Amino acid sequence: MPKLLLLINANTTKQIKLRKPETTVGRATTNDIVIKHERVSRLHAVLILDGPFVTIKDLASSNGVYVNGVKVESQHLVDGDSISIGGCRMRFLAGNQDYTSVEALRLLTIPGLPLELASRRVSPAWADALRGAAA
């Protein structure tokens with residue numbers, strides 16, 4: 001089940017499984033994911049679950065939605081994507097694995113780590129092929 005890892009403060013993360021067809025994000029308490037930050041709009045974005053795909057859409061927010069550092073109106077998410085909404089950093093994870101709080105913090109703060117972990121999930125032969133292609 002896809003999930004979001006949220007960086008709450010310097011040492012605290014939160015894992016949110018995306019179960020609903022639409023998950024709203026914003027400052028208002030009526031949202032599914034509430035982010036109390038002055039740069040987050042009341043109704044900032046929505047995550048849409050469509051089978052195996054997840055799309056994030058900006059809902060005409062004041063400060064925008066950024067995926068991997070690029071401002072987007074709508075974007076299909078892939079495993080490991082970094083999301084920024086207002087002052088909140090998130091990481092999208094497509095798999096079913098749960099993470100400890102230490103692992104989640106590392107995933108949110110170490111650039112490239114999700115890709116490194118993903119390469120460990122493939123067979124050793126594929127991993128060798130990927131390393132060879134990168135050389």
Side-chain angles (χ1 to χ4, degrees):
M1 173 174 298
K3 70 178 65 150
L4 283 180
L5 297 180
L6 280 70
L7 186 61
I8 304 299
N9 60 43
N11 297 315
T12 307
T13 61
K14 184 175 182 178
Q15 298 181 47
I16 300 173
K17 292 183 180 179
L18 301 175
R19 293 186 169 108
K20 295 172 59 175
E22 291 191 359
T23 302
T24 57
V25 181
R27 197 176 66 237
T29 57
T30 54
N31 287 292
D32 300 306
I33 300 173
V34 178
I35 303 172
K36 295 183 180 183
H37 192 280
E38 66 274 0
R39 290 182 27 221
V40 176
S41 296
R42 286 184 192 94
L43 188 58
H44 201 105
V46 63
L47 293 147
I48 301 165
L49 208 62
D50 184 17
F53 303 104
V54 177
T55 302
I56 190 165
K57 287 188 179 184
D58 188 344
L59 298 175
S61 66
S62 298
N63 292 302
V65 173
Y66 292 81
V67 177
N68 300 322
V70 178
K71 189 173 183 178
V72 299
E73 295 298 319
S74 179
Q75 177 76 41
H76 290 290
L77 298 174
V78 296
D79 192 36
D81 275 349
S82 176
I83 302 165
S84 178
I85 292 179
C88 184
R89 289 185 6 202
M90 302 174 219
R91 177 87 62 186
F92 173 75
L93 299 172
N96 291 326
Q97 183 175 347
D98 287 324
Y99 297 92
T100 66
S101 58
V102 171
E103 290 170 328
L105 186 59
R106 287 180 181 156
L107 283 167
L108 280 161
T109 57
I110 300 175
L113 186 59
L115 295 175
E116 183 181 321
L117 292 176
S119 71
R120 292 181 190 169
R121 287 185 227 141
V122 299
S123 70
W126 275 102
D128 289 341
L130 289 172
R131 276 190 221 93

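Remember, predicted model here, so these are calculated numbers, not experimental data.
- The side-chain hydrogen bond (donor to acceptor under 3.5 Å, both in side chains) search around N68 returns D81, not counting sequence neighbours.
- Within the 4.5 Å cutoff, no side-chain heavy atoms of V25 are placed close to those of V65.
- For T24, the side-chain hydrogen bond (donor to acceptor under 3.5 Å, both in side chains) test picks out N31, D32, with sequence neighbours left out.
- Looking at K3 and I16, their side chains never come closer than 4.5 Å, going by heavy atoms from C-beta outward.
- Placement of L43 and I48 within a single hydrophobic cluster is found when ILVMFWY residues are connected by side-chain heavy-atom separations under 4.5 Å, directly or transitively.
- Side-chain atoms of R27 come within 3.5 Å of backbone atoms of V40 as a donor-acceptor pair (strictly under, hydrogens ignored).
- Contact record, D79 with A94: OD1-N, 2.9 Å, taken as the closest heavy-atom pair.
- Each of L4, L5, V67, I33 was scored for a side-chain contact (heavy atoms from CB on, under 4.5 Å) with M90, with one residue passing: L4.
- Partners of N63 according to the side-chain hydrogen bond (donor to acceptor under 3.5 Å, both in side chains) rule, which considers only residues two or more places apart in sequence or in another chain, do not exist here.
- Take S82 and apply the side-chain hydrogen bond (donor to acceptor under 3.5 Å, both in side chains) test, not counting sequence neighbours, and it matches no residue.
- Other cluster members for Y66: none, since no ILVMFWY side-chain heavy atom sits under 4.5 Å from it.
- K36 is linked by a salt bridge (Lys or Arg N to Asp or Glu O under 4.0 Å) to nothing, counting only residues two or more places apart in sequence or in another chain.
- If you take NZ on K71 and CD on E73, they are separated by 7.0 Å, rounding to the nearest 0.5 Å.
- L49 is not connected to V46 by any chain of hydrophobic side-chain contacts under 4.5 Å among Ile, Leu, Val, Met, Phe, Trp and Tyr, and they are in different clusters.
- Closest heavy-atom contact between I35 and C88: CG2-CB, 3.8 Å.
- Side-chain contact between F92 and L18 is present, with at least one heavy-atom pair separated by less than 4.5 Å.
- Here the closest heavy-atom approach between residue A45 and residue I85 is recorded as CB-CD1, 4.1 Å.
- Rounded to the nearest 0.5 Å, atoms CZ (R91) and CG (L6) are 12.5 Å apart.
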Throw together a table of side-chain donor-acceptor distances under 3.5 angstrom for residues 53-62, partners on residues two or more places apart or in other chains.
{"from": "T55", "atom 1": "OG1", "to": "H76", "atom 2": "ND1", "distance (Å)": "2.9"}
{"from": "D58", "atom 1": "OD1", "to": "A60", "atom 2": "N", "distance (Å)": "3.2"}
{"from": "D58", "atom 1": "OD1", "to": "S61", "atom 2": "N", "distance (Å)": "2.9"}
{"from": "D58", "atom 1": "OD1", "to": "S61", "atom 2": "OG", "distance (Å)": "2.8"}
{"from": "D58", "atom 1": "OD2", "to": "S61", "atom 2": "OG", "distance (Å)": "3.2"}
{"from": "S61", "atom 1": "OG", "to": "H44", "atom 2": "NE2", "distance (Å)": "3.2"}
{"from": "S61", "atom 1": "OG", "to": "G64", "atom 2": "N", "distance (Å)": "3.0"}

